[in-house]
Amino acid sequence: MLPLLTREKNADRVLRHASGDKRFKILEVHMKKHQFRQDALIEVLHKAQELFGFLEDDLLLFIAAKLKLPPSRVFGVATFYHFFTLKPQGEHTCVVCLGTACYVKGADKIMAAIQEKYRIKAGETTPDNQLSLLTARCIGACGIAPAVTFDGHVAPKLTPEATLEKLNTLI
Amino acid sequence: MKLRVATVWLGGCSGCHMSFLDMDEFLIELAGLIDLVYSPVIDVKEFPEAVDVCLIEGAVCNEDNLEILRKIRERTKVLVSFGDCAVTGNVPAMRNPFGPDNRENVLQRAYVENARNNPGVPKADGIVPRLLEQVVPVHEAVYVEYYLPGCPPPAARIKEVLVQIINGQAPLLTGPQLKFG
Amino acid sequence: MQLDDLKALVAKHIGARKKIVLRTCMSAGCMSSQADVIKRNLEAEVKAQGREAEVEVRRVGCMGFCGQGPLIGVDGLSAKEKLFEFVKPTDAPAIVASLQGAACDVQVGNPDHPFFARQMRIVRANGGIVDPERIEDYLAVGGYQALHQVLTEMQPSEVVDEITTSGLRGRGGAGFPTGLKWGTVAKSAGAKKYVVCNGDEGDPGAFMDRSVLESDPHIVLEGMAIAAYAVGADQGFLYVRAEYPLAISRLQTAIKQAKALGLLGGGIFESPFNFNIDIRIGAGAFVCGEETALMASVEGKRGTPRPRPPFPAESGLWGCPTLINNVETFANITAIINRGGAWYAGIGTEKSKGTKVFALTGKIKNNGLIEVPMGIPLRQIVEEMGGGAPAGGHIKSVQTGGPSGGCIPAAYLDTPVDYESLTKLGSIMGSGGMVVMDDATNMVEIAKFYMEFCMEESCGKCIPCRAGTAQMFHLLEKITQRRGTARDLAKLEELCDMVRHTSLCGLGQTAPNPVASTLKFFRSEYEALLQPDPFGPRPSVTTQSAEPVTL
Amino acid sequence: MAAKTLIIDGKAVSAEEGATVLQVARDNNVAIPTLCHLEGVYDVGACRLCLVEVAGSTKLQPACTTKISEGMNIQTNSDRLRKYRRLTLELLFAERNHVCAVCVSNGHCELQTLAYSLGLDHVRYDYVFPKWKVDVTHRLFGMDHNRCILCTRCVRVCWHIEGAGTKNVAGRGATARIISDLDQPWGDSESCTECGKCVMACPTGALFHKGATAGEMEHDRDKLEFIVNAREKQQWLP
């Protein structure tokens with residue numbers, strides 16, 4: 001069917017819905033700082049994820065409308081970069097660095113230990129929504145390998161046991 | 001001495017063999033040139049020793065397929081993958097993308113959901129051979145010398161390959177003769 | 001602002017300094033071991049022990065010896081600096097008390113250790129010395145004087161010549177002559193030109209650029225400004241990985257401070273030269289280290305590369321001539337301007353000039369960042385500076401160049417570290433990751449590790465990289481799981497050749513390197529995993545019938 | 001514009017400056033295989049089938065994006081190039097689920113035609129057998145991701161000829177896929193104008209007219225070239 005004349009368009013619905021949420025306001029101010037430039041899309045997505053925790057469809061549509069970009073372009077960019085997530089994350093995040101230095105020093109064993117204990121794979125969240133397990137390509141902390149980031153804080157020179165213990169105290 | 005030729009039917013629809021029979025009057029000429037020692041169209045139970053050429057129709061879908069294929073490889077000089085199922089996996093392999101449960105789902109669909117009478121997956125040994133986790137083309141299971149693609153390969157294409165083999169040449173198909181599908 | 005104003009500012013800053021300085025490393029490595037708490041505790045302790053008049057605690061960047069961190073350097077106590085290692089927050093009272101001669105059981109490092117003594121610091125000259133969040137500290141070590149010099153005394157072409165004379169080559173991996181690149185951008189016609197700093201340090205096992213950006217952000221900004229003047233650009237972009245939040249925040253601070261002093265922005269040093277720098281934050285895509293992909297990302301698009309030519313020097317950001325250099329390349333510029341291209345060309349080898357920063361990690365005693373002159377034998381780095389493998393192990397190989405590089409076996413440790421020698425061994429200089437592997441490391445697993453990396457980082461645009469790396473990973477998995485045959489190994493080698501020669505960008509073209517180099521030097525490890533192939537190819541057979549058949 | 005002379009497969013030819021190697025080769029009846037190239041939209045150099053050897057350069061160059069230069073000596077069909085092209089096709093066939101026998105484009109597919117023209121009789125690499133969906137939510141068209149080779153022709157015609165920007169690539173690497181709008185079912189797309197250009201452009205059976213059965217789907221790629229010529233050159237007749 002050709003664009004629906006009677007039904008409200010998705011973008012209109014999102015813009016109307018967004019007007020009640022303060023976070024959309026903050027995001028819009030941020031876009032304004034970048035003069036609504038289309039090349040600031042990645043910066044805007046960073047800010048959006050920081051505000052909302054993850055990038056849901058309506059949020060992407062809001063950004064597309066404000067930056068005057070086709071939604072397919074915004075979605076294409078948001079899914080190209082690993083840093084962006086389109087799914088909500090758990091209460092806590094645990095990012096295991098799988099860079100070479102960490103890998104040769106046993107990061108794979110740390111990964112295996114977490115996967116076994118919490119029965120989730122990389123990129124997944126526990127059913128109780130407590131823990132999201134993620135991996136990083138290299139966080140540049142090779143001198144203190146193997147490193148794991150717990151809720152944004154890097155912990156150095158870990159073992160599988162020490163990692164599980166950290167998670168225990170976290171959750 | 002005439003070439004000892006076999007044809008075999010693994011996981012496929014037998015369309016390739018139908019196409020083989022479509023060679024019509026050439027079949028009579030062929031009968032004078034080769035000894036057909038094993039085939040779905042003749043009554044031989046055991047795959048014989050010292051076979052020169054075997055055309056294999058169908059993909060490798062179950063343990064029986066795999067077992068006979070290995071036996072064929074040991075007893076045959078030249079294997080020809082005969083038709084798209086043998087060459088690519090084709091339609092039988094379309095269950096593969098459905099993941100580790102695809103075997104159970106296929107059996108369920110065939111023997112339960114689509115059954116008019118007595119629904120139920122046959123369980124007794126030797127009735128339905130155990131399906132492989134993944135359907136694979138013939139060359140993933142054993143080494144294959146030559147390929148004869150097509151679904152089914154047209155009779156003229158089959159004839160071309162057979163004539164070249166009988167003439168002692170390595171069969172060479174080019175251009176549209178190699179078309180899949 | 002004029003130079004004299006700056007000098008007055010610096011004089012005031014230096015005048016306010018105290019006799020003893022406790023330099024606390026607050027780079028990401030030491031921060032992960034509570035360096036921020038240590039600094040707070042030290043400050044409180046200085047106050048508690050009534051030493052505020054003589055002692056200051058300074059936030060500094062990376063000192064390099066990350067494996068021994070957190071580190072505290074002490075200046076002004078004796079002629080030689082003193083270095084505390086493995087410092088804990090609870091050590092603060094003892095450390096401050098030790099400044100007055102009290103006994104202290106915190107481990108003290110040896111500044112004459114080959115790890116330090118063999119270094120030659122140009123890029124990292126200020127790392128661990130200046131406070132990266134105070135521009136005055138950078139100015140106090142002569143910062144922005146090179147920029148002043150080029151703006152007031154040199155023509156843009158003279159700047160390019162100086163860089164050409166220095167023999168500096170790109171530090172991002174490929175080693176393209178920097179002067180030549182600058183010259184091309186300078187000559188390219190265009191009203192608008194851009195300078196881009198590539199800080200998308202994606203090689204796993206490398207953190208040189210992170211360290212430079214965190215420890216000495218201004219050296220990069222100044223290098224970019226000099227480049228902009230030389231090529232005629234007025235806008236710069238500094239592309240940093242999102243994985244480096246500390247580097248990003250320090251760069252933001254640095255840019256703000258430089259702008260406030262008129263060292264960036266409009267009419268720098270009251271000349272007609274304008275230059276602004278915007279930070280662009282990456283979002284986790286290794287391929288964005290490739291320059292055309294990076295430009296797509298700066299433009300806010302999917303970071304997919306495009307065929308070259310046209311090269312960015314002719315048609316880059318938004319179709320304008322664009323100079324792209326790596327962080328470490330820009331960090332070399334001020335030294336070259338200050339001390340001359342000829343001086344720089346005197347360091348290193350005939351074709352590889354200057355120094356190179358390496359991140360020395362893996363199965364080695366001394367982990368950390370080192371800066372060494374080009375041409376130094378690999379053995380000196382890993383055995384003398386790195387101290388060899390940890391107890392009980394033997395070094396088996398050294399991996400350089402990350403997923404684009406290769407594994408150099410121990411037998412070749414006497415190889416000089418320069419662009420050509422490493423390439424000859426099937427590896428590359430790369431950005432400077434150096435991961436040491438000992439005899440417990442399985443080389444086929446390492447090859448698989450890198451292939452998985454490349455497969456997951458492939459942007460998916462071209463077929464050889466997208467589907468080829470996936471097939472190579474699958475073959476490596478088959479082999480490591482002892483399901484592979486000699487035929488699989490042959491297919492792997494065939495793909496090594498094909499993916500290398502047909503991929504669109506550097507990621508795909510170099511993705512086979514870790515496999516190819518381990519196959520070259522450690523082939524027996526692959527072969528030991530292969531299975532017999534009883535249903536494999538037969539000995540050649542002929543079928544000859546009695547009578548030829550006519551069609 | 002100045003004329004340039006160059007050698008293609010040993011034959012001296014001349015052409016206008018600014019032309020690509022591919023254009024000049026085709027004008028001179030030298031066939032170079034392509035998959036992502038489409039007359040009427042810009043080139044991306046992604047499929048790597050048109051790589052050629054240029055004397056004096058160690059790197060293979062894509063014919064579609066490489067501009068000719070004076071004295072260039074080009075090989076388009078060496079043993080090495082044929083081997084790489086065959087391998088590229090093998091990788092494509094192994095990557096997704098291309099089942100020619102049941103495909104709507106059987107007999108009218110550029111991938112299939114290239115495979116037999118380049119002598120591909122079987123795929124030596126293990127088939128990946130990924131799980132991909134078929135989107136038949138659109139009123140007129142369908143998208144079968146199993147048959148997609150990510151040539152991005154549909155994306156380019158949607159953006160640059162139609163201007164709707166409905167189609168794009170999402171994800172990356174082997175999981176990259178063609179999407180409509182925010183990865184919605186195609187039928188829910190608000191931006192799609194139903195012009196059908198993407199269907200015309202598709203080289204395989206990935207995009208098809210609903211109702212077409214095996215072997216019935218013929219793509220009309222000349223229409224796209226016609227539109228571009230009419231719009232940009234005011235040329236309605238060949």
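Every chain is numbered from 1, with letters handed out A, B, ... down the list of sequences. What you see is a predicted model; the values in this text were computed from it and never measured.
- Ionic pairing of C:E457 and D:R172 is present here: one or more N-O contacts between side-chain nitrogen and carboxylate oxygen are shorter than 4.0 angstrom.
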Worked verdict on D:E95 versus C:R466 for side chain to side chain contact (heavy atoms under 4.5 Å, CB included): CA-CA 9 Å; D:E95 188 182 30; C:R466 180 182 78 226; 2.6 Å; yes

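- Scanning both residues, D:D126 and C:Q471, for their nearest heavy atoms gives O-NE2, 2.9 Å.
- Atoms CE and CG, from C:M498 and D:L91 in turn, are 5.0 Å apart once rounded to the nearest 0.5 Å.
- Using a 4.0 Å cut-off between a side-chain N of Lys or Arg and a carboxylate O of Asp or Glu, C:E494 and D:R124 qualify as a salt bridge.
- Residue D:G45 comes nearest to C:L504 through the heavy atom pair O-CD1, 3.3 Å, listed as atom of the first residue, atom of the second, then distance.
- Neither the backbone nor the side chain of C:R306 comes within contact range of chain D; no heavy atom of the residue lies under 4.5 Å from a heavy atom of that chain.
- Neither the backbone nor the side chain of D:E90 comes within contact range of chain C, judged by heavy atoms closer than 4.5 Å.
- When each of C:D497, C:L475, C:T469 is checked for heavy-atom pairs under 4.5 Å with chain D, C:D497 comes out on top.
- Taking each heavy atom of D:Y125 and C:K491 in turn, the nearest pair found is OH-O, 3.4 Å.
- For a residue to count as touching a neighbouring chain, one of its non-hydrogen atoms must lie under 4.5 Å from one of that chain's; by this rule D:L87 touches chain C with backbone and side chain alike.
- Residue D:D43: no heavy atom, backbone or side chain, is found under 4.5 Å from chain C.
- Just one of D:L89, D:T88, D:I149 meets the side-chain contact (heavy atoms from CB on, under 4.5 Å) condition when paired with C:I463; it is D:T88.
- Per-residue heavy-atom pair counts under 4.5 Å with chain D were compared for C:C462, C:P309, C:P310, and the maximum is reached by C:C462.
- Ranked by heavy-atom pairs shorter than 4.5 Å toward chain C, the options D:L60, D:T175, D:V169 are led by D:V169.
- Applying side-chain contact (heavy atoms from CB on, under 4.5 Å) to C:K461 and the options D:V44, D:L150, D:T152 leaves one that passes, D:V44.
- Taken to the nearest 0.5 Å, the CZ atom of D:R48 stands 12.5 Å off from the NE2 atom of C:H501.
- Of the two parts of D:K59, only the side chain, counted from C-beta on, holds a non-hydrogen atom closer than 4.5 Å to a non-hydrogen atom of chain C.
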